[in-house]
Amino acid sequence: MEPAERPRFPEGPALLEIRHAVRAWLAAHPGPVAVALSGGADSLALMAASVAEAPNVRALIVDHGLQPGSAEVAAAAAARALELGAVEARVLPVRVTGSGGTEAAARRARYDALDLARGDASVLVAHTLDDQAETVLLGLGRGSGPRSIAGMTAFTPPWGRPLLGVRRAVTRAACVELGLEPFEDPHNTDTDFTRVRLRHEVLPLLEDVLGGGVAAALARTAEQLREDGDVLDALAGSVADTDGPDLEVSVIEPLAPAVRRRVLRRWLLERGVTSSTDRQLRAVDALVGRWTGQGGVALPGGTPDARLVCSRRHGRLSVGLENE
């Protein structure tokens, strides 16, 4: 279903800021786009800006089915997307199951559904500067290493994040300018979720104690770490070949630890280890830099009956099933 005529929006300062952010993202990453729409302020503002800046924008609305009336909320979001100028609005019902808690399971279900429905389009998601600051704080609190503290990127194909430099208050102001009443997800105020407590308790306290500007400073820190990480990743890619099944210890042992761990991470990814923690990666690195004859390192992946293990034998690292 297509709207008969694309609406003309009021040119308020908040919407203009968001349009400029979307325009800059599209210039850097041309191609068809769809918008992941929840009906909240952030995604509504992104939807309005996207249809003003790009042709043939589609809306994808995930219904997690976690709350009474979720189907009605999703249908209302789809109708709003068409009113704003989307050429299509699809509701994607999902089942939220699996390990890691409700928040993690919902995220997996959401991204899987969006990926299946997007076709050849990039999917724009409405993460803001405030979301970026929360992500950095989560990474700091968990000690997850620089890759986690570097936060979210503007484009990790197929996921685009044009609003990482825009404050959440601006998206709300844009909805006011447009006369839109966003959906208020009760999960966004549920203090059982760590990110909600960061948003409503920790960040306001830090802003008060440190005199403001904390969210923007955290986002700048993430950007600086991403820039440094890109350089180290490029260096790691130029000094060692990770294509083979085994990795020669003598080739990577002389490397600086930060570069060596990046070589190891890429090699492990190519061996099917997709979600190693910083602690696991450092344990694998110890097989190279602090070798004392220790046993192998258990890693995520493998089969229900046997885990993947990285071991050192005869001066080479290899990854195999635990019982091999």
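Residues take their numbers from the sequence shown, with the count starting at 1.
- Taking the ring-ring contact (aromatic ring centres under 6.0 Å, His included) definition, one finds that W267 meets it with nothing, sequence neighbours left out.
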Side-chain donor-acceptor distances from residues 231-242 under 3.5 Å, at least two apart:
{"unit_1": "D233", "atom_1": "OD1", "unit_2": "R147", "atom_2": "NH2", "d": "3.4"}
{"unit_1": "D233", "atom_1": "OD1", "unit_2": "R262", "atom_2": "NE", "d": "3.0"}
{"unit_1": "S238", "atom_1": "OG", "unit_2": "L235", "atom_2": "O", "d": "2.8"}
{"unit_1": "D241", "atom_1": "OD1", "unit_2": "D243", "atom_2": "N", "d": "3.0"}
{"unit_1": "T242", "atom_1": "OG1", "unit_2": "R266", "atom_2": "NE", "d": "3.2"}
{"unit_1": "T242", "atom_1": "OG1", "unit_2": "E270", "atom_2": "OE1", "d": "3.0"}
{"unit_1": "T242", "atom_1": "OG1", "unit_2": "E270", "atom_2": "OE2", "d": "3.3"}

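- R172 pairs by the side chain to side chain contact (heavy atoms under 4.5 Å, CB included) definition with A41, P182, E184, not counting sequence neighbours.
- At a threshold of 4.0 Å, the pair E83-R80 counts as salt-bridged, since one of the basic side-chain nitrogens sits closer than that to a carboxylate oxygen.
- Hydrophobic cluster of L269: no remaining members, since no ILVMFWY side chain lies below 4.5 Å from it.
- A distance of 7.5 Å separates NE2 of H20 from CD of E53, quoted to the nearest 0.5 Å.
- One finds no salt bridge joining D230 and R226 here, because no Lys/Arg side-chain nitrogen approaches an Asp/Glu carboxylate oxygen to under 4.0 Å.
- Evaluation of the side chain to side chain donor-acceptor pair (under 3.5 Å) rule for T194 yields no partner, not counting sequence neighbours.
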Quiz: residues 250-258 side-chain donor-acceptor pairs under 3.5 angstrom, not counting sequence neighbours:
none

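- The ring pair (Phe, Tyr, Trp, His ring centres under 6.0 Å) contacts involving residues 29-60 comprise W25-H29, H29-F155, where partners must be two or more places apart or lie in separate chains.
- Under the side chain to side chain donor-acceptor pair (under 3.5 Å) criterion, Q132 pairs with no residue at all, not counting sequence neighbours.
- Contact detail for S50 and L124: the closest heavy-atom pair is OG-CD1, 3.6 Å.
- Every residue was checked against the salt bridge (Lys or Arg N to Asp or Glu O under 4.0 Å) condition with R110, not counting sequence neighbours, and none meets it.
- Taking R199 as the reference, E134 meet the side chain to side chain donor-acceptor pair (under 3.5 Å) condition, with sequence neighbours excluded.
- Note that CG of L203 is 7.5 Å distant from CG of D130, once rounded to the nearest 0.5 Å.
- The side-chain heavy atoms of L264 and L317, taken from C-beta on, include a pair separated by under 4.5 Å.
- The heavy-atom pair separating G139 from I149 by the smallest distance is C-CG1, 4.0 Å.
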| said: Is there a side chain to side chain contact (heavy atoms under 4.5 Å, CB included) between H64 and S70? Walk through the geometry before answering. | reply: CA-CA 7 Å; H64 298 89; S70 65; over 6 Å; no
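- Between V319 and C310 the shortest heavy-atom distance is CG2-CB, 4.1 Å.
- At a cut-off of 3.5 Å, with distance as the only test, a side-chain donor of T135 or R195 sits close to an acceptor on the other residue.
- Annotation: ring-ring contact (aromatic ring centres under 6.0 Å, His included) contacts of F193 (sequence neighbours excluded): H187.
- Side-chain contacts under 4.5 Å among hydrophobic residues (ILVMFWY), followed directly or transitively, place V73 together with F183.
- The number of heavy atoms from other shown groups lying within 6.0 Å of CD (E181) does not exceed 12.
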